[in-house]
Each structure stands twice: as structure tokens, then as C-alpha cells.
Amino acid sequence: MESGPGVIAACYGAGALLSLLLARWSGRLALVVSHLAAAAGAAAGLALSLGLLLGEPGRTLIRPLPNFFPFAKLSLLIDGLSAYFLLVVSVVAVAAAIYGPAYLRAHSPDAGSTRQAAQGFALNVFLGCMAFLCCAGDALTFLFCWEGMTLASYVLVVSDDRDGENARAGLLYMVMAHGGTALLLVAFLALTERAGAFDFAALRAAAAGLDGPTRTTLFFLALGGFATKAGVVPLHVWLPRAHPAAPSHVSALMSGVMLKVAIYGLLRFTFDLLAPVAGPLPFSWGWTVLFVGTTSAVLGVLYALQQHDLKRLLAFHSVENIGIILIGVGLAMILWRQSTGGALATVALTAALLHTVNHAAFKGLLFLGAGSVLSRTHLRNIEELGGLARRMPWTAGLFLLGAVAISALPPLNGFVSEWLTFQALLGGATRFHGPAGLVIVFSAAMLALTGGLAAACFAKAFGVTFLGRPRTSQAEHATEAPPSMIAGMLWLGALCVALGVAPGYAMRLLDAPTAALLHGPGASAVVTARGPLVLSTALTPSGTNGTAISMTMVAALLIALSAIALLLRRGVRRAPQRVAPTWTCGMTPTARFDYTATAFAKPLRLVFAALYHPRREVTRETAGTPYVVGRIHYAGEIVDLAETHIYHRVEREISALSQLIRARSTGRIYGYIGFVLAALFVALLLLGVAY
Amino acid sequence: MAETLLWVLPLVPTVTALLMLTTRDRRVLSAIDVAGSSVLLALALILARDVAAGGPRALGVFRVDALGLVFLLLVVVLTLAVSIYTVGWLKQAVAVGNMKAEYLRSYFALVHAFVATMIVTVLADNLGVLWIAMEGTTITSAVLIGYHGHHHGLEAAWKYIIVTTIGISFGLFGTVLVYAAYAAAAGVHGGAGSLSWSAIMQVAPTLDPGIIRIGFIFVMVGYGTKAGLAPMHLWLPDAHSQAPTPVSALLSGVLIKCALLGIIRFQTIAAAACGPAFPARVLIVFGLTSVVVATPFILAQHDIKRLLGYHSVEHVGIVALGLGFGGPVGTYGALLHVVNHGITKALAFFAAGKAIARYGTRDMRVIRGLLAVAPIGATLLMLAALSLAGVPPFSIFVSELMVLRAGIGHGHWLAIAIFLAMVVVIFAGLLHHAGAMVFGEPPATASREPEAWSPLIGMFVLAAIMILLGLTIPASLDRLLQRATEVVVG
Amino acid sequence: MSPLSPDAVHTVIDDLGALLLFTMILIVAAGQIYRAIYSVAAQSLLISIAGAVLATATGNPDLWVIAGITLAVKAILLPWVLHRVVQRMNVRREVEPVIPIAATLALAVAIVVVSFQLSASLGPVRQAITGNALPVGIALTLTGVLVMATRKTALTQMVGLFASENGIFFTAMAVTQGMPLIIEIGVILDVILAALVMTIMVLRVRSTVDADIADLDRLRG
Amino acid sequence: MIGDRPLALVLVEMILLVLVGPLVTGTIQKMKARLQCRQGAGVFQPYRDLAKLFRKGTVQADTTSGFFWSIPVLVLAATVAAGALVPVIRAGPPAFPLGDAVMLLGLLALARFLTAVGALDAGGAFGGMGASREMTIAPLVEPVLMMVVFSTAVAAGTTELGALAAHRGTSWFLAWRAADFLGFAAMLVLLPAETGRIPVDNPDTHLELTMLHEGMLLEHSGPGFGCMALASHTRQIVTLSLVSALFFPIGPAGGAAGLLLGAGAFAVKILVLATFLALVESSYAKLRLFRVPQYLGVGFVCALTALALRIL
């Protein structure tokens, strides 16, 4: 375990270098080798994190790093929280590394070796940066990995460029990320300059001396920075553009893992570094996080619902799920009291952390599934797909599994974490009377709305993509993805099932991070107090009453009932089975009878019209007389409020202002001289005399 | 040994320049060019070792301390990189007809004369000599800017020479005032005193603060004009865009840094005489103005070399901010930024020059899909752009981080807020331009010939330094910068 | 040791300063380029006189040298070159102001006022400085640049530049009683060189595109 | 915390619900018929229909995938499993925890999700339309349901239905407060939506203008359709049981007498709610689809007010 970080670094480093070296001979070889190295690195990460999480409690691995910069001591510090997020990173990384080579070959067979080398290189750097970001023991390592992660993912986003669209997506991504980093820089440097050192222990000590307003200012700076990366509404606009643009296994990593790294940063910065030594966290922190989390959850899923680009739809769902995680985090912040330990805060944090890994698993799975479809059909618009379940049964089945999981339906993992979130919300509602309690309950209602909308969205996404008839020839001639891609998906699918059916066993992994952050009882002491088969929470202040469920028992019940229902389904007697065309009121059914995604989502589009500002344009081509219609063109779009009202406006204003200023410059030399003279004159007047 | 080197160093490029007047053969000229630059680098490294071992050396009006050494090393390293780059660049330029074969020797001679004046600037201990050398750089580089001979070049050269001459005449005025204060404090009359910086520094705390204040403002505006600080920067994008690419690299990479060295010398005097707060405030005001003023012009720019020129304005502003935030951290960061920006900006100009040659235009709306026609050059351009924008693991991030640290450490919150906002906007603009150039479909007019080796070598060297300095600060460089910082902040 | 008492030197320098300001006003007000050239020549002459006076007063031989060089170069050589160029180029003799000459004069007055105000704020140091040399020097320097900033033709700009340099020279002589000789000589050489390069450029542009180099404005934004 | 309801009792209750489910549908149909002055079919007609369906053969659409066959199985299993989570004849938490109200809603949502997916499989416009509308209504119902559940759960500190029922106790009719009335009102508004009845849905027709739930079942036939129908019946009675567990439960009483009392009380409660549904169905017209959000908004406001009263 001591050598764990070294092994991880060696694997990713070797992968990156070999990718560059081998590409001179063969791009394919470089691709395979780099992905193998990434898989090895991920496996090492898995081993290290599991070792730490399951080993003796409270163990922290501290490794000094070489002194790259004379002004800062660099180190790695792997405690429970780090190990947990390292686990999240590694879990998806394993799947992505297995899935990647076959995907890239199938998706872009004409890729040159330069591109393949860049992709292999960037993937390893990306994974390495994420892994070591979680293990960073000082602010500088943290920031370096943070930016390295951004840069590597940017390279991956633009690596697959066809029409310049990806470059634009990448640009938006980088700019937003840079803005976020600027905020983080200020937040971290304010601490480092106070501490005179970069390591987290010193920062913690420095933060202890902060006064309230400064502390809160720093928190909001950090929240802004991390929220940008996490894609929280209204800072999310880059996310649905950048994530789909990357190769699908990278999308899985970006959506499934990279956003979580931002959550890690937020937890680390808030609970570990910035939290006041005594007393609760300031009032404004948790409520803000709860509010932005709820907003993100609802708006994320609402926008997802109207997307017809499969990967974009999934990306918007990441906004939603980050919102759900932030609800848990916000609740933990609200409920945490150092004195009482706060079993309820533990429930909330457990919910957030569990949802982190859950979302990583099912969102990874869904992106990989979307990637399989993409690599076989080269289509991302679900209106052009259809009927793939018969042609790609494995992909379809696994996608359905992911869809059920992400819709927070039992008995899969998404439900477990949402259940915990609900319980934490309920507990919060019982503690806070007055408007605060109402806000919490409202948040719970919104969470329920989110779950329902997610189910609607995935009924649409799965149904239109995989069911019915194929609408294009690409969809019609699709074939099942190769085994290595299926294997990558299977790994994540199995995780979804395992975490759903037996979540109690995973609670031990959450012990270390929750105990480390909240200085209270660990997750398993609270949530699985009644044994690993039962999840329970003690919600009343006295701790007597509580809610308990058993995912395992429900799953067993479902299986038993399914067996019985299967008997019923077969019928009382062996009656004949007949195959006939679908009933379409007597007409011959074609693909045009299939309900489209646009039509499917239309009722909700109208219900939530205030948030969508839907626009539609219908043009008729008539044959001479208005009564004979030849063709009808329909175009509809919805508007992302944040995008149009904030970003486009700001962008327009800034570039208009720049054009104006630029147009003002005459290029006349006397103007140049005048400015020099004026500068001297003003400087003399202001600085020379006034002093 | 080291003292001799102080004389030899400026002499080497002078001799090379004279030597070049004897031949017209492009190959021979290039060989002399590279050889001369290599000798220069070797000698500078020897000097650096000596100084590291034995402290500052002085001889007559020349003196080298750690501060000067930082700038000296930057000059010689970039000179060598430019020489290597020029080999292939020139071949292409002559083939296209951008450079006339018969005038090549005067071009080379002027470049080396230019380098010689810059080396004198860096090594000068005497503030008068500093001024003379600074004006010398103006004259030599003005001729180089107008070298192409078309009226755009002449216009740029005219603006350059007029505006910077005004600027440094203000610098001279400031120098005169400082000398007056020195003469008054030291009790010397007339020309009996010397303008030696080290001598002035010895009595600096006793100098009259009032007159030093006015003197420093004159110097700040004067040498600031030469350094490209806003609002005196207007000549800079004109000049940097019209000069031949290697000269642009030298102008942006080193020349404006030499002017900064002048400012730093006077800053130390002013800080000793009036307390550090006064020069700090002046520097922050001008630094912030530069960063803000450069922003709209970077966003709404179509000419790639003007873009890089405006970018130099921004970065000079950052250096000024670092010096203004002050303290060991800020000064260290500013000096590191001088090095980092020099290296990176030269790389950016090199890569841009290759792109311009390929597309036959500086208009970024035409330069499209560079990645498809010249993958290595495009990658280097993108790396340079990212580095200029302040992304790790490239060097500029580290120095900007130091500047930020100093600003935050000293509580300049407003300045930090404005600075960061502008940096993000500039980042957006720069990446927008770079992305548009690198990605997409190249036009049919783009030249698809294979990439020449010598410019690539020059660029690789710089890129390697850029990335290395982004990942670590070597102990030797750190020691040098530490000492240089001590020279400035004591 | 000196034939002149310090008070007398002060008086002489102050008077010369007033005359210098007068020539400066002439330069600003000059409607024709020849007048501006003659004014700057006169100004240089006054400065070399000031050098001579100071040399007598302090007994510093360097100042004699400087006064001589100034006389030769700035009062005779450069005006002559400018004169020749104007003749050869056969350009319009009017200076082309950017803003009305009256406005320029008003600005010049403002500069003078501020210069005096600025040096008045210095307090004790003024004791060490010869009379009103410092405010006059500042005013001359700034007004010279003001002329450059408000004229459209290259030659008037060069005139403004020389006037500005004159201000610096005057300050250097009067305030410090002479900079080290070697520096002064270097400065003058630089000025000559710069003037040479500028003249070549002006002629070159005039011969190729038949335009005034200072009137080019294709590079902008 | 050891519960009061042994696992065997929970299973018996679940089976009871499945068995009684069709009867409730039959009763409602009969009552509707009488209200409309018709004779109507007997109350056991749903059993006869089911028996017929399970004996018939199937006609399967040629475009369907392998999922289609298993959809009825999973839907039925999920719905019946939800039945195991409501207390029927005795209050109190189960001896071994299974699930709570959130889990119950989750299982019902799972069944609905799978039904919608199955409806899209055949590739016909009817299934798609039904699925689309069903998935439009459901997300709007769920938050209100959750708020209703919360309005009682906040007082008890748990979402476990048995425990909630026990917390309300036997003397619930004395302890009802304003919040309970409003919560119950919200629940009554939701009931037609959740059971697929007028004014939200019309269970009796397959006309495309009205159909939600029935449209989704169009391509199912034979035993598969039987499973779906049985699931619908079960879902209805589970929803009614949820209402009774939340608002008028019967307290924990030991012994056979207690069980009998509980069973009797259960029968009465379901009958009352069924009568309510029948009355509503007979006296209201089906709403336009885009009026439904407004209709549900009434429930939302009631639930929110109930919560506010509870918390403030």
C-alpha cells in the first residue's frame, strides 16, 4: 500500500509516454497499450483505495513529493475521503480503459496516428490528474492536477473534431473552467498566504484564525469555482456541449468522475480546511448549497427531457445528479453540529457520497451504451435511431439497466442514495421549524419531481433509441458492439446491481470519509446499525424512531414474485402464440408510426413552457393551392434560460464593446504621443503631487 | 576573468555584426549568426557561473549582479533560439521574396547590433549608459522594423522611433532628476559624481523623496513607453506586427524586458528613498491599466501578430503588477514572469510566423485548420497559446501564481479582482483565436509542404524550456532568482 | 573661485529660462515650419548660453564642452538639416495642427502652471536647485511633446522632439550643474543618430508613396 | 426496534391485496353502473376477465424486442411487491424491514416506467401516445404524493408506513388536525390520477383522445395482458391502502380478534374510498390533458399548506 501512489503514477505515466512513442510505428498499438496501462493504473488505484478504506480506520497515507517548486513543499495525503474518491475515479476508469480501444477503432477508423497518440496520452494524463487530485496533500498539487485534468479533457474533447463544433465546445469548456479556476486560486491563495505554506495542515491552521465574513467569502469563492466544474446551474452551459463532444468513454469519465472530483474539492475545502474549529458551519453555506442543488436537479432534468441528442441528454442528466449530490452535501452542512456529532448529517453526507459512486456507475454505463450506439450507427440524434434492441440486445439491456438506475427506481443503486437523501430531508424537516423546514420539504418535493421526470426522460431515451422500428438505414444495419465494449459496460452494470441490491455492504467504504469529515460516527454506525441487510436511519431527536428498509429483501421479493408472475405469464394452458403487425387502425405500419422523441416530450414541453420558451416553426410546401399540402417542415427548439439570458448577453456585450473600442483607435501617431503625454501628466498630478 | 567578460559580452555581437558585413552568402551568414549566438550563450553561462560563485562583478560602467544576470541569460538564450529559427525562416522568406538576398547582410548585422545594445542595457551599471544603450536599441530596432521597406513597415517604424524616443527622453529627464537628488545628497557638484546605480543605491535612503518621486514618475512613463505599458503602448502592436518574425520575437521577448530592467533599477532607488509603497502604487496603476487596456484589443483582433503584441502589453502589465505587489514573492514572481513570458512569447511568434508563411496572411480569419497542414507547428502554436493564457503545466502559470500570491498576501483585493477578470476574458479571446486557427478545415490556398527542421528545432528548445519551467523551477535558477529578488527588495 | 555670485547666476538662469519659455511659445504658435525651426535653433542657442554661464559660474570645464556641442549640433547642424529637408521635399510650409493653435497654447499654459506647482510642492530640495530651472525644464520637455502630439507633419514632430530634448538639456545643466561629460556626449550622439534615421525614413516614404510619414494611419486597432 | 408484524403476516397481507384487488375494481364498476342507472356487470366480473385472459393465446407485434414478453412479469412483480409495504390489517413496523413509503412509490414508479417502455416497444402511435401522457402526469403526481407522505411523516419522524400507522394510533379521528384534513384533501385529489380514473384518465375506453394507461396496454394480449390487468387492480388497491394507512389506520391490536377487527376495518375503509372514486367518476367529465397540471396544482397547494401547518 505504501507504494500504491508510485504504482499508479508509473502506470499512467508509462501509458502516456508509450502512447507518444509507439504511435510512430502504429497508432492502433499505441491506443491499445495506453489503454492497457490506464486499466492497470485504475486497478492499482482500486487496490490502494480499497486497502485504505477497508484497513484500520483512520489510517492516512502521507507521501512527500519531490521538491518541484522551491516555494512550496509538495506532498500526497490519502485519507478516507481521498481514498473514497480515488475509488470512484478508478471504478469508472477500469470500464473506460477496457471499453476505449475498440470504441475508438469502431468510431473513427480513419484516425491518423497523431490523433491516436494524443488520445492515448491525454487519457492517461486525465486519469492520472484526477487520481492525484484526490490524493493531493497541498494546494499546489491540487491546483496543478485540477488544471491538468481540465487541459487533458480539453484535448480529448477537441481530438475528435469534424466540423469545428467540438472546438467551440472545447473553447466554452476551457473558458468556464478557467474562470472557475481563477476563483479557486483566490480561495486557496488567501489561505496559503495566511499560512505561509501550501500543505493542507497549514491551511487548516490558517483557516482557524479567519474571521466570519472572510471565511464565508472564501467559501463562496470556492463554491463558485467548484460549482463551475461540477456544472451547477447556471454555471452548467459548457457541460452539455463539452461532454458529448468527447469520445464516449471519455464522456463517461467526464460526466461520471470529473464532476465528482469537484465535489471532492468542495468537501475537502469546506469541511476539512475551512470549517470553523468550534460551532456549526455558517448559516448561509448549507442553505446556498441546498438551494443550488435543488435548482440544478430540477432544471437539469427538465432540459435533459427536451434533448434529442443522446449524449447531450445524458450530459444534462449529470447536471441533475450533481444537484442531487449537492442536496445531500448542503443538508450535511446544515445539520452538522460539532457538539452533537450529528448522526443526521452523517446520513446526508452518506447519501451524497453514495450518490457520487452510484452516479459514476450508471452514468458511466449509460455513456458507454450511447457510445456503442454511436460507434455502430454514427448517429447521436435519437430521432434517427430506433429498433436497436433487436440488433444490439446486450447494449440495449445494459442501457435499460442504467436507465432504471438513474431514474431512482428500486431495486437498483440510484434509488438507495435518493432514499437516503429523502430520509435526510425528512430528518431536516423534523428539526427545523418555520420557513427553513418548509424549504427542506420543498426540496424533497422537487427531488421527487426530479425522479419522476428522469423516469419520463429515460422512457423516452430508451424507447425511441432501442425500441420500435429503425428510422434510418444506419440504425437498421447496426450490429452488436464487440465483446470488449460489452465487458466495460457489464462491469458498471454489475456495480449498479450490486450497489442497489446489497448497499449495506458498501457502507463500510463510506465509514472513513464520513467519519473523517464530520468527526462523528461513520456511515455504517448510523445507516447499517441493524446489520448490512437493513438500511436504517434514526431521525427523531431521541433517536428511537426511524425508518428502515432492506434493499436485499425487496430484491428477493421481486425475484420471487417475478418467478410466480412468470408462471402466470405463460398462461394456464399452452395457447398458440401468433406474430402480427402492430395495430395502426388498419394501415400498414412503418417507422413513421413510431412515436418520436419530440412528440413524446411535447406534453411536458407545454407544461413547463415557462422554463423552456419553446419556439417552433412550421412551413408548408403546397402544390399550387393551399389545400394540397406537399410537405410540412417542422423545426422546434427550446431555449436554455441561463445560456440566452446570461451567457449570450455577456458575450455579445463584451465583443460589441471590444469592437467599439478597437474601432475608436485611429492609428494616428499624434494620438499615440498624446496618450504618452497624458499618462505622464496625469501620473504627475495624481501620484507626484498628491502624495 | 568575469570582469573581462563584462567587456567581451557586448563586443561579441558587435564583432559578429562587423564580420557579417563581409559576405553576402546566406549560408555563411546563417552560420556566423548561429555561431556568434552560441558563443554568446557560452560566455554568458561562464559569467553566470562566476557570479553565482563570487557575487556581483563590476568593471567601469558595467556591472553584473543577479538581477542583470536574469535578463542577460534571457537575452542570450532567445538570441540563440532566434538564430536557429532564422536559418529556415530566411530560406523560405528569400524564396518567397519577402527578404531580398542582396540586403541580407545588413539585416544580420543590424540584428547583432541590436543584440549588442540590449546586452549593454542589461550590463550597464551607469544609469546614463543604460539610457544611451536603450536609445541605441530603439535606433537599431527601428531600422529592423522598417526592414521590409513597404510603407506599413515604415509607418510602424516611424511610430516606434518617435514614440519611444519621446518615452526615453522622459526616462532621461527622470535620470537627470535622480542624479540631481544624488548630487545634492552626496554633496558633489557638476559632473564629478557618477550615475552609477550601485553608488546611488548606497546613499539612496538619504535622497530627497520629493524629487525622486517626480523622477520615478518620469522614468516610469518613459521606460514604460519602451516596455509597452498602457497607455503608452500604442506603438507596440504596430511595431511588433510589422517587424520580420525573428525580430518580433526579440522585440516582444527581450527588448521590452530590458526596459523593465530599467524600471526595476529606478524602483529600487525610489523604494529606498520614498519607501516601497510609492513605487508600488505607481507600478500597480500602470500594470492594471495595461492588463485592462489590452483586453478589448485582444478580443476583437484579426491580425495574429498584433494579437501577440497586445498580449505582450498584458504580460508587461502582469510583471508590473508583480513588482508593485512587491515583497519577495511578488518580485520573484515578476522576475520569473519576465523569463517565462520571454520564452513563451518568442515561441508564439515563431509558431505564428510559420503559420503566416503557410497561409500568406496574418489575418486569423483566413488561417484555418493548421492542424491538418502542419501538425507539429499547430501543436506548438496551441501550446504557446495555452501557456500565454496561463494554463498549467506551462511556465507562465507558475509566475502568475506567484504574482497572485503576492497580491493576495498584501491584500490588494480590488487589483486582484480586476486582474483575474481580465485574465479570464483574455483567456477566452486567445483560446478562441488559437482554436479557430488550429482546428477546422484548411483553405485550399494553404501551403502543405513539409515542416522545415530548423524553425522546429528553435521552437522545440523554447517549448522544452517552457514546459520544464512549468513543472519545476531548477535549483540553480531558483538561487539566481532569489538573489535577484534580494537585489530588488533588499 | 567664480567670477559670478550664486545670486547672479540664479538671476541669469531665471532670465534665460523665461527666454526659453518664450521660444517655446513661439514654437507652439508657429504657423509655418520655418519659424518653428528658427525658434528651436534660437532655443538651442539660449541653452548653450546657459551652459556657458554655468560653466563660468562653477568653473566646470565639462560644461564648456557641452555648451559648445549644443551650439554646434542643436543650434546649427540639426536646424540646417531640417531646413534642407524642407527645401528638398518641397512640401507645404504650413504646420498642420490637430487642434487649433489657440487650444495648444492654452494647454501649454496649463503645463507651465502645473510644472511650477509641482516644483513648488517639493519644498526643501528647491534650495539645491538653481532658480526656476526645474519647472522651466519640465515645462519645456512637456511642451515639446505637446507640439509633437498636436502636429500632423513629420518635420514638425521632429522639431517638437528637439525642443523637448532641449528642455532636458537645460534641466541637466541647471539643476545638476552638468551631468558627467561622457554621458552628455553619448546622449547627443544618440540624438544625432535618431535624427538621421528619422530623416532617412521621412525621405524614403516621401520618395516611395509621396506621403508624409506621420500621416500614415493604416495600422490601427 | 423490533416490529409488530411478523414476515408471515406481511406476506399474507400482500396476497390478500392481490386477491381483493379485482374485487375493488368490480365494486367500483358496479357502483358506477348503478349511479348511471344501469344494471352493470357483477362485482366478480374482473375475476372472470382475468381467468379468460390467462387461458388465451397471444398475438405479439412483429416489431417488438425480447423485452416485450417480460414486461408484464416485471410490472406485476413490482406492483405486488409494493403491496407488501402497506399495512393492511395491523399497524406497526414489520419484524424485518422491507420498505417504506418512498420504496412503495418507487416500486409503483418502476412498474409505470416498465409499462411505458413496453408501450414503446411495439412501435405504434397509440402506445407512444399513452406512454408519453402517462410519463407526463406521473412526475407531476409524485412530488405531491411525496409531500403528502411527508406531511404525516414529519410528525412521526419516519416514512415507514406501518410505523406511521402505529404513530397515528387507534384514536386517529380525535387526533386529526387541520394539517391532516388538508393532506387528506390533497390525497383525494391525487387518487384519480394515481388509479387512472376520471377526471385524469378514463379506464373504460381506448379512444385516443382520452387514453393514458389503457393506450399503453394496447399491444398486450392473452396472459401478458392478464398480468398487466392484475397489476392495475393491485396498484389501485395498494394506492387505496396507502391512503388509509396514512390517514385512518387501525391501531396495533394483538390476537385473532384484533386481526379480524383490522380486516373488517380495512374492508370498510376501502369501500369508502372506492365509493368516492365511483362518485367522482360518475359526476365529473374527463379533463383535457393540459388541464391536468392545473388540477394537480390544487392537490399541490393543499399538500403544501398541510406541510406548512405541520411545520410552522
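Below, read A as the first sequence line, B as the second, and so on, with proteins coming before strands; counting in each chain starts at 1.
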- How far apart are the C-alpha atoms of A:Leu684 and C:Val114, what are their side-chain angles, what is the distance that settles it, and do they pass the side-chain contact (heavy atoms from CB on, under 4.5 Å) test? CA-CA 9 Å; A:Leu684 279 176; C:Val114 168; 5.7 Å; no
[atom2] on [Y] to [atom1] on [X], rounded to 0.5 Å:
X: C:Lys152; Y: A:Ile669; atom1: NZ; atom2: CD1; value: 14.0 Å
X: A:Tyr670; Y: C:Thr156; atom1: OH; atom2: OG1; value: 12.0 Å
X: C:Thr143; Y: A:Leu677; atom1: OG1; atom2: CG; value: 8.5 Å
X: A:Ile673; Y: C:Arg151; atom1: CD1; atom2: CZ; value: 11.5 Å

- Message: Heavy-atom count check: over 12 atoms from other residues, nucleotides or ligands less than 6.0 Å from C:Arg35 CZ?
- Response: no
- Query: So what's closer than 4.5 Å to chain C heavy atoms on A:Leu680: side chain, backbone, both or neither?
  - Reply: side chain
- Task: Identify which part of A:Phe675 has an atom lying under 4.5 Å from any heavy atom of chain C, answering side chain, backbone, both or neither.
- Result: neither
- Choice from C:Ile138, C:Ile111, C:Thr150 maximising heavy atom contacts with chain A below 4.5 Å: C:Ile111
- Query: Using non-hydrogen atoms only, which part of C:Leu142 is less than 4.5 Å away from chain A: side chain, backbone, both, or neither?
  - Reply: both
- Item | Part of C:Val145 within contact of chain A (heavy atom distance under 4.5 Å) | both
